[in-house]
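Only one structure is covered here, and it is reproduced in the block below.
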Amino acid sequence: MEKSCKISKFFILCVVLGVLSVATIVTLWAIALTDSVEVVAPWDKYRLPDTLKPDHYNLTLWPRLTVNAQGLYIFTGKSYVVFQCVKETDLILIHSNKLNYTKWGDDHLAKLSALGSTPAPTIKKSWLQPTTQFLVLELNGKLAVGESYQLDTVFVGELADDLAGFYRSEYEEDGVKKVVATSQMHPTHTRKTFPCFDEPARKAVFHITLLHPRGTVALSNVNATVYTEAVTQTSFEPTKSMSTYLLALIVCDYSFISAREGDILIRIWARRKSISEGHGEYALNLTGPILSFFEVYYNTTYPLSKSDQIALPDFYFGAMENWGLVTYRETNLLYDPLTSSNGNKERTATIIAHELAHMWFGNLVTLRWWNEVWLNEGFASYVSYLGADYAESTWNVKDLIVLDDVHRVFAVDALASSHPLSSKDDDIQKPEQISEQFDVISYSKVNIQYKTAVDASDMELPGTVHDIMNRWVLQMGFPVVTINTATGLITQKHFLLDPDSVGSVPPSDFKYVCGLERYTVGHWVLANINVTGYYRVNYDLGNWERLLFQLSTNHQVIPVINRAQLVDDAFNLARAQLIPTTLALKTTKYLSKEIEYIPWESALNNLDYFYLMFDRTEVYGTMQHYVRNLVTPLFQHFKTITADWSKVPDGHNEQYNQVNAIRMACSSGLVECQNLTKSWYMSGINLTVYCSAIAAGGAAEWDFGWNMFKTATIASDADKLMSSLACTKDHELLNKYLRYTLDSDKIRKQDATSVIVYISSNVQGQTLAWDFVTQNWEYMFTQYGVGSFSFANLISGVTMRFSTKAELEQLQKFKEDNSKIGFGSGTLALEQAIERTTANIKWVDENKKKVWDWFLSEIA
């Protein structure tokens, strides 16, 4: 018998609904997967595509040195860039920031034309992409590989006072306000001046014309021809093929002095009064010999026909190596032999040497991308000592690498938040990430590696250069080498100031490789002779005690650089809990017999940490007593050799140490010193004593210093007065001074960061400065300080004293409250401040009583 099969409508409905449900789930899943792989449009990426290669630019700019009807300073410009298509594309991306464009007849922001026989595709759409700083052109067709094209633009920009791109600097001369149009293109600000392919590897030739008022002079990287009519037109020779960041453009009413070194024309430009008073002579006399030294050192002639150097009233960096036209802060180029200090003279010599070193290494040969900043800056930092040493051979300036570079970079590279010298290309994309690369790691760590390599040039290497360098370039930090003289065992490990941060350090595949030079005298062993290696050294306690005994009985048996390093190693090993803190303090006891600058400076730098941690506690008074006892013999030594302060010590480092003696004797309360400096201050005799006198005085002394600062005609004098004004103990005066940093008529924008940090270094100003920064962060970060504040230095400076749980909570709240606003180039500095504060809290908790007891026993 046959059976029939019936399917209900309900069953069919269920099947259909089931299929639809599965389809819906699959669709939603697919959408979710698609969304998780975000497709980023080319104009939303920060890097240029590899489709176009610039050949040359033709640029005409006209900066207006008076305000327009809207009360703004502006510049107008027109430019074209000729580029070659190297990969087929229908898109042109070219950098542009804060420029307003005149539209062409087709209503687009640029005009595209072909230079070959094949017509250029028309423009479909053009717009500005502010976040990634691009002018975007979508085309109706493809650009042909191998063909050359020309892109024309007409634009207007603001000649602002933001120290970035083409900007405005002002000064007063003989009661008249003068305006300078000047530039700072490095690292990503050329795009704020004209549309360009603003990456270091996109080299091109620049044809520049500047229009400017009659009576002013226009300068750029190369020589020029000048045509004077109603408006002066200066047209410059084509430049060498170079990166956009090396372009320099200046219009000013300056004068100059000149000389020749072979076929090279050398000129020093500055305000007319500075030139007439001879403040450029020292720089002029240095430049020729340093250029000649580098020609021999590089075995390559200087690539250009001229070397201009110019001192600017407002400048963000210390100096900038624009090819053929180096720009400087006035304090770094100008030197007055009557009033400028020994430190000013050395800084001028080393900075000139640093910038001129770049004329070859950095300008002629250039890094491909900003993740390799260390190649540029580290090498220039190293050879700057060689150039300065050649020009000023009696200074022994190479010995100062230990203080100026080794100790400075050790402090940062011992943090878990440090970073390797080299990063992946993709990790450095945004302008603020690029700015973060210019830190002490890039400048100083590799400087030490170059020095180590040179010092070890006659040694047999323990491996290939590639293997050895990778250990230092691709991993952060440095080792502490421990020598046990009882067993002969030598070990190494990654040195971290906070041993509890070990787990947060990125894993590394290899150890460090370092040469270990040491010698034995009697029963003690000393390693890393003259600090030729980038590592710290620890010993068994028995060897430490024998070294301390040697210091106390005849310290000169130990080389002077190693006396400094013993102190620095001991203090930092103690902070890392590898030796007792009281052992580190014992390394300072012999200083009552020491007269050399380098050990004293090393000790004072380390005692500064103790001041930061304890100057708000009961430890402070006993520490002051100990330091006063320690420094009094040095103060009396300089009183004797200067015939009761009537002459200057002969040696370069002796002059430095005289300043240390006076500074520490006065600040620790030596009455003889305080009386001496107060008399010097009111008669204006000695610039090194301003801080002591202002700290001991009141409103009258502060006002006297402020008036001297505002009327100072020498930049280095103004700098000293500016820092000294932060020494007052009066809260009302300190708050007033903080407010001045947001008024460019009182404190130049370039100096605002420094003034806030100076105030925070004063124990009376610490909380005031921190509160000021937190209350004004959004305004400083988004408006006033853009381009002129060093946010990394600002955050580091105002938090150096932080050592309590309350301060750590304030830091974390500051990070949370401003997370949407951001921290820009200060992002890494903020992480380091949190890490440093955490370590400080633990260190103070563990060491405060021990330190206090030790000081009490020493002054009993």
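With 3.5 Å as the limit, one finds no donor-acceptor pair spanning the side chains of Asn818 and Glu778. Side-chain contact of Glu321 with His186: a donor-acceptor pair under 3.5 Å is absent, judged by distance alone. In summary, the side chains of Ser422 and Glu372 do present a donor paired with an acceptor at a separation below 3.5 Å, with no hydrogens or angles considered. Donor-acceptor pairing under 3.5 Å is lacking for the side chains of Gln184 and His189. In summary, the side chains of Gln475 and His494 do not present any donor paired with an acceptor at a separation below 3.5 Å, with no hydrogens or angles considered. Residues Asp413 and Ser418 have side chains that bring a donor and an acceptor to within less than 3.5 angstrom of each other.
Salt bridge status for Glu807 with Arg616: present, with a side-chain N to carboxylate O gap under 4.0 Å. Between Glu199 and Arg47, at least one side-chain nitrogen of the basic residue sits less than 4.0 Å from a carboxylate oxygen of the acidic one, meeting the salt-bridge criterion. Salt bridge Arg836/Asp498: absent, no basic N to carboxylate O contact under 4.0 Å. Between Lys746 and Asp743, at least one side-chain nitrogen of the basic residue sits less than 4.0 Å from a carboxylate oxygen of the acidic one, meeting the salt-bridge criterion.
Without hydrogens or angle criteria, Asp569 side chain to Asn572 main chain gives no donor-acceptor distance under 3.5 Å. Side-chain atoms of Ser444 do not come within 3.5 Å of backbone N or O of Ile441 as any donor-acceptor pair. Judged by distance alone, the side chain of Asn322 and the main-chain N or O of Leu325 form a donor-acceptor pair under 3.5 Å. Remark: side-chain polar atoms of Lys98 are not paired, donor with acceptor, to backbone N or O of Gly157 under 3.5 angstrom. With hydrogens and angles disregarded, a donor-acceptor distance shorter than 3.5 Å links the side chain of Arg191 to the backbone of Asp198. Of the possible donor and acceptor atoms, one in the side chain of Ser760 sits under 3.5 Å from a partner among the backbone N and O of Gly797. In terms of modelled atom types and a separation under 3.5 Å, the side chain of Ser716 and the main chain of Thr331 share no donor-acceptor contact. In terms of modelled atom types and a separation under 3.5 Å, the side chain of Asn332 and the main chain of Gly318 share a donor-acceptor contact. Checking side-chain atoms of Glu835 against main-chain N and O of Ser417 turns up a donor-acceptor pair under 3.5 Å. A distance-only check finds a donor-acceptor pair linking the side chain of Thr741 to the backbone of Leu738 [under 3.5 Å].
Trp323 has its ring centre no less than 6.0 Å from the ring centre of Tyr245. Aromatic ring centroids of Phe134 and His95 lie under 6.0 Å apart. Aromatic ring centroids of Phe410 and Tyr534 lie under 6.0 Å apart. No close placement of the Trp777 and Phe772 rings is indicated, their centers lying 6.0 Å or farther apart. Taking the six-membered ring where the residue is Trp, the centroids of Phe438 and Trp374 are separated by 6.0 Å or more. For Phe495 and Phe478, the ring centers sit closer than 6.0 Å to each other. In this structure, Phe781 has its ring center no closer than 6.0 Å to that of Phe823.
Closest heavy-atom contact between Thr366 and Asn363: OG1-O, 3.2 Å. Here the closest non-hydrogen pair linking Asn840 and Arg575 is OD1-NH2, 4.0 Å. Nearest heavy-atom pair across Ala584 and Phe571 is O-CE1, 3.3 Å.
Other residues, nucleotides and ligands place more than 12 heavy atoms under 6.0 Å from the CZ atom of Arg168. Other residues, nucleotides and ligands contribute more than 12 heavy atoms inside 6.0 Å of the NZ atom of Lys736. Other residues, nucleotides and ligands contribute over 12 non-hydrogen atoms within 6.0 Å of the CD atom of Gln812. Lys842 NZ: more than 12 foreign heavy atoms inside a 6.0 Å radius.
Listed by chain and number, the residues in a side-chain contact (heavy atoms from CB on, under 4.5 Å) with Gln437 are Val373, Ser423, Ile428 (sequence neighbours excluded). With sequence neighbours excluded, the residues satisfying side-chain contact (heavy atoms from CB on, under 4.5 Å) with Lys430 are Tyr46, Glu432, Gln433. Annotation: side-chain contact (heavy atoms from CB on, under 4.5 Å) contacts of Ala357 (sequence neighbours excluded): Phe294, Tyr298, Ala380, Val383.
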Under the side-chain hydrogen bond (donor to acceptor under 3.5 Å, both in side chains) criterion, do Ser602 and Gln565 qualify, and how do the steps go? CA-CA 8 Å; Ser602 176; Gln565 195 58 32; over 6 Å; no
query = Step by step, would you call Arg536 with Asp568 a salt bridge (charged side-chain N to carboxylate O under 4.0 Å, His left out)?
reply = CA-CA 9 Å; Arg536 293 199 180 280; Asp568 194 65; 2.9 Å; yes
Derivation of the side-chain hydrogen bond (donor to acceptor under 3.5 Å, both in side chains) call for Tyr382 and Asp405: CA-CA 10 Å; Tyr382 171 65; Asp405 286 281; over 6 Å; no
Next on the checklist: As a quick check of understanding, evaluate side-chain contact (heavy atoms from CB on, under 4.5 Å) for Met185 and Leu246, giving each step before the final call.
Outcome noted: CA-CA 7 Å; Met185 307 301 189; Leu246 294 172; over 6 Å; no
Requested in this report: List the steps and the verdict of side-chain hydrogen bond (donor to acceptor under 3.5 Å, both in side chains) for Glu346 and Tyr656.
Outcome: CA-CA 11 Å; Glu346 184 194 311; Tyr656 278 151; 2.6 Å; yes
Go through it in stages, so that I can follow the logic: the residues are Trp843 and Phe610, the test is ring pair (Phe, Tyr, Trp, His ring centres under 6.0 Å), and I'd like the CA-CA distance, side-chain angles, deciding distance and then a yes or no. CA-CA 11 Å; Trp843 187 86; Phe610 281 63; 5.2 Å; yes
* Asked: Could you go step by step and tell me if Glu601 and Asn660 meet the side-chain hydrogen bond (donor to acceptor under 3.5 Å, both in side chains) rule?
  -> CA-CA 8 Å; Glu601 184 69 8; Asn660 276 340; 2.9 Å; yes
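The closest side-chain heavy-atom distance from Asp314 to Asp161 is not below 4.5 Å. A heavy-atom distance below 4.5 Å is found between the side chains of Lys445 and Leu421. Within the 4.5 Å cutoff, the side chain of Lys805 has heavy atoms near those of the Ile841 side chain. By the 4.5 Å heavy-atom criterion applied to side chains, Lys720 and Ser341 are counted as neighbours. The closest side-chain heavy-atom distance from Lys729 to Leu734 is not below 4.5 Å.
The aromatic rings of Tyr740 and Trp706 are tilted relative to each other, their planes meeting at an angle between 30° and 60°. Taking the six-membered ring where tryptophan is involved, the planes of Phe814 and Trp770 are perpendicular, since the angle between them exceeds 60° and thus also 30°.
Judged by a 6.0 Å distance limit and a 45° cone about the ring axis, Arg329 is not positioned over the six-membered ring of Phe315.
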